[in-house]
Structure formats: structure tokens, C-alpha cells
Amino acid sequence: MEKICMPPKRIEEIRAICREHGNDAGELINILHAVQNKLGYLPREVQELIAMELGIPVSKVYGVVTFYSFFTMTPKGKYPVSVCMGTACYVRGGEKVLEEFKRQLGIDVGGTTPDGLFSLDSLRCVGACGLAPVVMVGQKVFGRLAPADVKGIIDEFVALERGA
Amino acid sequence: MAHYHTYILTCGGTGCRASHSPQIVAALQQAVDDAGLSDEVKVIRTGCFGFCEQGPIVKVVPDNTFYVSVKPEDASEIVREHIVMGRKVERLLYISPETGKHVPDSRHMEFYKPQMRIALRNCGFIDPENIEEYIARDGYAALGKVLRMKPEDVIREIMASGLRGRGGGGFPTGLKWKITREVQADCKYVVCNADEGDPGAFMDRSILEGDPHSIVEAMAINGYCTGASKGLVYIRAEYPLAVHRLQVAIAQAREYGMLGDDIMGTGFSFDIEIRYGAGAFVCGEETALIHSMEGRRGEPTVKPPYPSECGYKGAPTNVNNVETFANIPPIILRGAEWFASIGTEKSKGTKVFALAGKVNNVGLIEVPMGTTLREVIFDIGGGIKNGKRFKAVQTGGPSGGCLTEKHLDTPIDYDNLLASGSMMGSGGMIVMDEDDCMVSVAKFYLEFTVEESCGKCTPCRIGNRRLLEILERITAGHGTEDDLKELKNLAAVIKDTSLCALGQTAPNPVLSTMENFWDEYVAHVRDKSCPAHRCRDLMSYYIDPKICKGCSLCSRVCPANAISGVLKQPYSIDQTACIKCGTCMDKCKFGAIGVR
Ligand SMILES: Cc1cc2nc3c(=O)[nH]c(=O)nc-3n(C[C@H](O)[C@H](O)[C@H](O)COP(=O)(O)O)c2cc1C
Ligand code: SF4
Ligand code: SF4
Ligand code: FES
């Protein structure tokens, strides 16, 4: 961990977050939340920097990041697609909707499309079981979906992108 | 000074927000302002009403008019017709599926009649971001009363109420408080477990979103009783709305002197901080949760020592679940005897369930312990969707089991559910119908536990993966009868030798479905068929040429372009292209498409 190559501004941002939490290793999870909020993901050099600031081994930071599914080491797409795979959505056909997203986007769960527009994830119960099966794209919630609706949803965001 | 004679309540829970409830609140407020009624009519955004199936809900009080599936465009009509003209907007009223008639007063809805709301007493009634509305409904009165009592007496009251932990274990709450109190230490902690890991459950989240002050108040009461001056709420970062409401509640409680130093001039000091979970089911387990709060990987450790003896940073730590806490203030105010009069012999009070799956009324419900599954599914839940046949109900989440027809009249309580091969768990209740394959359901839960195993001990890490592999083989049509024996043997070993309850209970969904649906397992391995037509590799869609009219609808809706044909002649499905989504069968108007 000799050199960390990041823009100085970013290094300072991360250092500031660590400082706000008293550079306390007990606050590691809160620090990771704050940093991921800011950067969207936690790449290796960011983990190295945090480890250095808190005076703990990188392996410990890495161990925590990989343990918790909320933390990610890869950047998400511009329109992150999260298909609910909670039990209520599962019994109402969430799996078929997920399959159709995989097919339409040509990526697997955890993947990002080559143009960086969409990433695909599954999550467990977004709390809208009455609308099952549910999909979130960014903050927007789509409910009562069937596989046939998937293409329309993707097209909506592609159109948004073209318009933008 | 405004004198409100009418209140318009709109659900601001996660489900209804997804269907534009914030826009409805804004539109209602606008319409009330435009009508010059802002001093007489108050628009309130509340927590969840529970009737999520037909959300967003708008309720008008005092006449309890219950409008369902409301859209922002409907707001002005509600204000113009109902509030100004005194005529209910009929087209938005709830229609009873039994009588086919409008039910104007929510108290007469089958959904609410059998319910009893203690933990959810304020959800759907108050603005969760306004402490004064909580106070107006006896909020913080229990804390005031407790601070004038001896801690031992309060604990005795909780013990006498018979309250047991709602987080799954069912440990007597009063006893836990007593143990924490009796450990000598300078520093102790109160922890609220809001990790809610069961996938498909949203009870704790709804309480935090709809009535966060009840948790703040109960934690302070617990601190007073156990001798802790610091509280921590461990909450999932995936619950942004609940986190926000809790933050607001804590800030308001500090401002009103309900948290902080010298609360209500009694010398008792207590404050609360929030800690975020990061998506690991095992962190709901209390020892793992404590490690996670300390900034480490959330791996469980062997108990004893229990957290009550040695918990957060080595200090005695009282861990209770959100719903457990929500029951505390009513017990203090109405007395142990009242609470103990509700429920069954060994399970007192009520239980909140997140009722979901194939029932007509998906939602959040609260019923007295001892209510039967039949009442919950068929009266409150309104029966099975689309007139299908009931097959099973899953309780206890990934640690629980599936109950069937023969269990429908069992009174729900901790001991009965356990005796029937499932468990209470935290309150997820998923209803399944004839189209659900029980082998797939078992596989679904196992996929979850395998993904969530912390990997610390071998039986759970390797054993459950092996179970999953066998189930994958069976659902793919490669299973043998020996596999069924192997499932049972392996499950028994995993249950006996795993370190924490995650591993110990992970085989339960497999064992209970094998117990109740043995024939279905046999059909998969012996006949290579899935009776529910759910396992892709064991099914195919086909078009019956005698019924098909050649309308071409199916070929237009098929996302895989697998259907072809000539107009007015029978169409056919290319089995190699078909992705088995079932869309064609749902859409065909003539019932020409079947599955085998
Ligand atoms: C794998 C696992 C997951 C758990 N998840 C939760 C949870 O999400 N919420 C909860 O309150 N308790 C959960 N528990 C139970 C806790 O360990 C603990 O018993 C509970 O928080 C104690 O509070 P109570 O007595 O008020 O129920 C879980 C236990 C295990 C073994
Ligand atoms: S049983 Fe599973 S989750 Fe529990 S400690 Fe062992 S590996 Fe971890
Ligand atoms: S099941 Fe789906 S993919 Fe197969 S033919 Fe029907 S619509 Fe097309
Ligand atoms: S299971 Fe998907 S929203 Fe609850």
C-alpha cells in the first residue's frame, strides 16, 4: 500500500469522513456507508485509504466490505435495476421478471451493461408486497409486473437517456 | 387558532409512497387550501393503514370513510364532494367482495373487524413526524409514569403481563430486563433490533415508519429499568424512510426533554443513537448484531454469555425487537392484567403479521394470539387470489416451515406453531396456492440461507450448500429417490451441529415441505414432473389446435418471439425458443394454451 492514486480532492473527502467519525475503527461500518453514499461504490484504493486513516489492516476493511451485501466494489449503472426477490414477490412470479431482465439486458445479477446505463441486482423485500412482483429502477418503483412489461420499462429509460 | 372538525389521513408508508401517496397528500392540501378550509380540515400523512392491497388509502375522520386505490387526480373531487358537499365519493369506496356493496365505514370491513391493534395502535392515525400527535394519544405518558415508579416494580409489571419477545425467539421480555438489571456494571446499553431480515416481511419497518416515538419511549423505559443510559437502534440501511422518521423522532424527543439529561426533572438521563446494518441476515442474530455495531463482520458467537451479561463493548446489553418495544407503553398504561387477558395461556397479547403472497388482501395485520390461520387467511386476508385453491402458508421466514389445510384451525401462538413444524418467527406470513411448487419454495429459502450464511461454521456453510445442490438437481429433473433420503439425513446433521440459529433452522423449510408434501417430492424424482407446473425443466407450454382460433394475440405478447402461425389457423410454440414465462397462457382469450 505504497501509493494511492486518486484525485487529491477525493482523498480529502474520504479523510474528512473518517475524521467526522473520530478515526475510530469501531465506526468502520458507518464510515463505509458515508463513503459509499458519496462515491457510489468502494473500490480497492478507497478501502486502502480508509484502513490507513483508521490505523487498521486493509484485510479488515476488505473483510467487512465483502461480508455485507449492501457494500459494493463495482460501480452501478446509471439506472440501477433492483428486482425484488423477497418471498411475496417470489411466489407472485418475481423470478420470471428477473429472468426477463437478464435476457433483455444481456447481463447477469451483479452485472452492468457495457454502455454503463443499466446494472442488475436482486434485493429482498422493498416493503411494497401488495404490489408484488416489484422492481425498482433507481428510486422509482414498478409494481404488479409480468415478464411482458420488462421491455417497456427498459425502453422508458433508454428514451429518457436519448432525450437527456 | 385552528379548530379542525375533519381530518384527511393518507398513508405515507413505503408501499403507498410507491404508488404516489406524496403527490396525493400535496393535492389534498392544495384542494383544502383552495376551498378556504385550511383552518377546519387537516391533511395528515400517516404511517401504514395495513390494507396495502388496495393502496394508496385515504381515510376521512370522524366518519371513517375509507377510500382505496386513490390517485392524485382524485384529490380535488374528494375535497369538493365529500368535505364541501358532504357526499361520499362512491367510486373510490372499498367494495366488499362478499356483498358486492360499498363499505363506507372502515370499522365494518372484514379486514379490520377481527384485528386488535396494540403495537400498531398509532400506525395510520398520527403523523409520525409530529411528536405532539403522539403525545395527544398518551405518548410519553408511560415514561412519565415509570419514572415515578421503582424499576423493580416496572419489571414486575412487564413480567406479569406475559409479554414474550417478538423477534422470533419468544423469550420472556420481563425476565430479560430483570437479568440485565441484576448484572453489576458502570455502563449498560439498550439495543433495539430493527434488522428485520425475513425476506418478505415488513412489520418492524412499518412500526418505525408509522409510530417511531413508541420505540423511543419504550427504549427510555427499558434504560430506566435496566440501569442503561445509552440506547442504540440497529436498523437496515435499506429502510431509508424508517431511518428518516426515527431520526426526526429522536431529535424531537430531545427537544421536548424526553431524551437527554435529567428527563422530566427526575435525574434520569438517556439518549439514543442509530447504527446501520448493511444487508446481512445473520446480523439479526443478537451476538452478530453486536459485532456489527462494533464495526466488525457480523459473525455470531456461542451463547452464553448472553448479551444481557456481556454485550456491546463488553457491557451488559438488553436487546429487544421493535415490536416487543412497541407493546411496552400500553402495558404500562393499561396494566399487566389487561395485557395478560389477551391471547392464549402461554402467549399473551397480539402479534403483527405481514400477510402476503396469494391472498386477496395483502397487508399488515395485528391479531390476538390464539386467532386461527383460517381467520387470518380467509376472513382478514379475504381468501385466495383469483379463486384458486389454498395450498400452504409459510410462517417464520427462512427458519420456519409450511403449514397446510390441516393446520388451518390451529390457534396461532408460539407453542402451537412450533408443534406443527413451523415457528412464529418475526411475523412473515406468505400464502401459497395450487400453482406453487413446494420443492421450489424450499429451494428458494435455502438459496437465501446459503447466501446469508456467515461461513463461520462448516455444517452451515458446506451442509446447506449441499442441501441446495440436491434440491437444484431435483427441480431440474435429475433427482433420485436416494436424494430424498440424503436430504433428510443431512438436514438432521446440520440442525444438530450448527453454531447459531441461522444454520440450525435453515433445513426447516425443506423438512416441513417434505413432511407435508412428500408426494410432490416423489413426483419430481420418480415421474420427473412438477405437479404445480413451476419447475421450468419439467414443464412445457402448448397450444391446443382444436381450441386455438388463430387470433395471433399470443405471438404478439410473447417476449421471446417463440410463437408463430398464420392468422385464423392454429398457432404453435417453438419449444427451443420458449422461456416459459407463461404470458401467452395468461393472455389467450380462448383458453387454448395449456401447460404440462
Ligand atoms: C439468523 C437470525 C436472524 C434474526 N433476525 C432477527 C431480526 O431480524 N429481528 C429481530 O428482532 N430478531 C432477530 N433475531 C432474534 C434475535 O437474535 C434476538 O433474539 C431478538 O432480537 C431479541 O429480542 P426479543 O426478545 O424482543 O424478540 C434473529 C435471530 C437469528 C438466529
Ligand atoms: S450456523 Fe451459519 S450463520 Fe450461524 S455461525 Fe454457523 S456459519 Fe454462521
Ligand atoms: S411461455 Fe412465454 S416465452 Fe413461452 S411461448 Fe408463452 S409467452 Fe412465449
Ligand atoms: S417481497 Fe417484494 S416487496 Fe415485499
Side-chain angles (χ1 to χ4, degrees), chain A residues 21 24-34 36-37 54 56 60-61 63-71 82 84-97 99-100 103-104 122-132 134 136 139-143 146-151, chain B residues 13-15 17-19 51-55 197-202 205-206 236-239 275-281 283 292-299 313 354 356-358 362-363 394 397 428 430-432 436 441 444-445 448 451 454 557-560 579-583 586-587:
Chain A
H21 291 87
D24 176 359
E27 292 285 325
L28 178 58
I29 291 176
N30 283 341
I31 292 171
L32 294 173
H33 273 297
Q36 184 167 301
N37 256 340
L54 305 186
I56 52 178
K60 194 182 161 198
V61 179
V64 167
V65 169
T66 50
F67 185 85
Y68 296 97
S69 62
F70 192 79
F71 297 133
S82 306
C84 181
M85 284 296 280
T87 323
C89 287
Y90 171 76
V91 300
R92 286 202 191 173
E95 198 183 21
K96 288 180 175 174
V97 173
E99 288 303 319
E100 186 58 12
R103 217 175 61 86
Q104 293 277 348
S122 68
L123 46 69
R124 308 278 182 179
C125 193
V126 305
C129 309
L131 301 176
V134 174
M136 288 179 74
Q139 292 301 311
K140 190 160 178 193
V141 179
F142 297 86
D149 301 323
V150 167
K151 186 154 190 313
Chain B
T14 297
R17 280 171 70 92
S19 340
F51 195 59
C52 309
E53 182 69 39
Q54 297 192 21
D198 178 352
F202 50 102
R205 163 214 299 250
S206 298
R236 290 172 52 160
E238 295 95 325
Y239 284 6
R275 290 301 156 96
Y276 302 100
F281 174 60
C283 289
S292 177
M293 291 199 307
E294 292 166 348
R296 297 193 268 153
R297 289 164 66 100
E299 286 169 359
K313 297 187 175 165
K358 306 282 181 63
V362 166
Q394 213 279 351
I430 309 281
V431 178
M432 301 175 199
D436 287 302
V441 167
F444 167 81
Y445 280 111
F448 177 79
E451 206 173 283
C454 79
V557 296
C558 173
I579 54 165
K580 299 177 184 172
C581 69
T583 307
D586 291 344
K587 289 278 151 79

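Labels below follow one simple rule: chain letters A, B, ... track the order of the sequence lines, proteins then strands, and each chain is numbered from 1. Computed from a predicted structure; not experimentally measured.
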**Message:** Main chain of B:Gly200, side chain of A:Tyr90: is a donor-acceptor contact present, judged purely on distance under 3.5 Å?
**Reply:** no

**Item:** Heavy-atom pair count under 4.5 Å with chain A, highest-scoring of B:Lys358, B:Gln394, B:Met432
**Value:** B:Lys358

**Complete:** Output for pair (A:Cys125 SG, B:Tyr239 OH), nearest 0.5 Å, gives 6.0 Å

**Message:** Please verify the inter-ring angle class for A:His33 with B:Tyr276; under 30° counts as parallel, over 60° as perpendicular, anything in between as tilted.
**Reply:** perpendicular

**Residue selection (most heavy-atom pairs with chain B, distance under 4.5 Å) from A:Cys129, A:Gly93, A:Cys89** = A:Cys129

**Note, B:Lys580 side chain near A:Lys96 side chain (heavy atom, < 4.5 Å)** = no

**Request:** Count the heavy-atom pairs under 4.5 Å between each of B:Gly428, B:Gly15, B:Gly55, B:Gly279 and chain A, then report the option with the highest count.
**Result:** B:Gly279

**Winner by heavy-atom pair count (cut-off under 4.5 Å) against chain B, out of A:Val64, A:Thr87, A:Val65** = A:Thr87

**Request:** Would you indicate whether the side-chain heavy atoms of B:Pro559 and A:Arg103 approach each other to under 4.5 Å?
**Result:** yes

**Item:** Under 4.5 Å from any heavy atom of chain B - which part of A:Ala25
**Value:** backbone

**Complete:** If one checks every heavy atom of B:Arg236 against chain A at 4.5 Å, the contacting part turns out to be side chain

**Complete:** Comparing B:Val441, B:Asp198, B:Val431, B:Asp436 against chain A, the one with the most heavy-atom pairs below 4.5 Å turns out to be B:Asp436

**Any donor-acceptor pair under 3.5 Å from B:Arg205 side chain to A:Val126 backbone** = yes

**Message:** At a heavy-atom distance under 4.5 Å, which candidate from B:Cys52, B:Ala280, B:Gly13, B:Gly298 has the highest pair count against chain A?
**Reply:** B:Gly298

**Request:** Below 4.5 Å from any heavy atom of chain B, which atoms of A:Gln139 appear? Answer side chain, backbone, both or neither.
**Result:** neither

**Fill in**
The interface call for A:Lys60 against chain B, heavy-atom contacts under 4.5 Å, is side chain

**Request:** Starting at CG of A:Leu28, measure out to CZ of B:Arg296 and round the result to the nearest 0.5 Å.
**Result:** 11.5 Å

**Asked** Between B:Gly197, B:Ala560, B:Gly397, B:Gly363, which shows the greatest number of heavy-atom pairs under 4.5 Å with chain A?
**Response** B:Ala560

**Atom pair CD (A:Glu100) and CD1 (B:Ile579), whose distance is rounded to the nearest 0.5 Å** = 4.5 Å

**Message:** Please classify the contact between B:Cys558 and chain A as side chain, backbone, both or neither, with a heavy-atom cut-off of under 4.5 Å.
**Reply:** neither

**Request:** Give, as side chain, backbone, both or neither, the part of B:Tyr445 having an atom under 4.5 angstrom from any heavy atom of chain A.
**Result:** side chain

**Asked** Which residue out of B:Ser292, B:Ala356, B:Ala201 racks up the most heavy-atom pairs below 4.5 Å with chain A?
**Response** B:Ser292

**Item:** Side chain to side chain, B:Phe448 and A:Arg124, heavy atoms closer than 4.5 Å
**Value:** yes

**Message:** Is any side-chain heavy atom of B:Glu299 closer than 4.5 Å to one of A:Phe67?
**Reply:** yes

**Message:** If we define contacts as heavy-atom pairs under 4.5 Å, which of A:Val141, A:Val97, A:Val91, A:Asp24 has the most with chain B?
**Reply:** A:Val91

**Message:** Looking only at heavy atoms and a cut-off of under 4.5 Å, which of A:Gly26, A:Ala128, A:Ala88 has the most pairs with chain B?
**Reply:** A:Gly26

**Asked** Given a strict heavy-atom distance threshold of 4.5 Å, which part of B:Glu53 is in contact with chain A: side chain, backbone, both, or neither?
**Response** both

**Request:** Flag the pair B:Ser19 / A:Leu131 as yes when at least one side-chain heavy-atom distance between them is below 4.5 Å, and no otherwise.
**Result:** yes

**Item:** Side chain / backbone / both / neither for B:Gln54 at chain A, heavy atoms under 4.5 Å
**Value:** neither

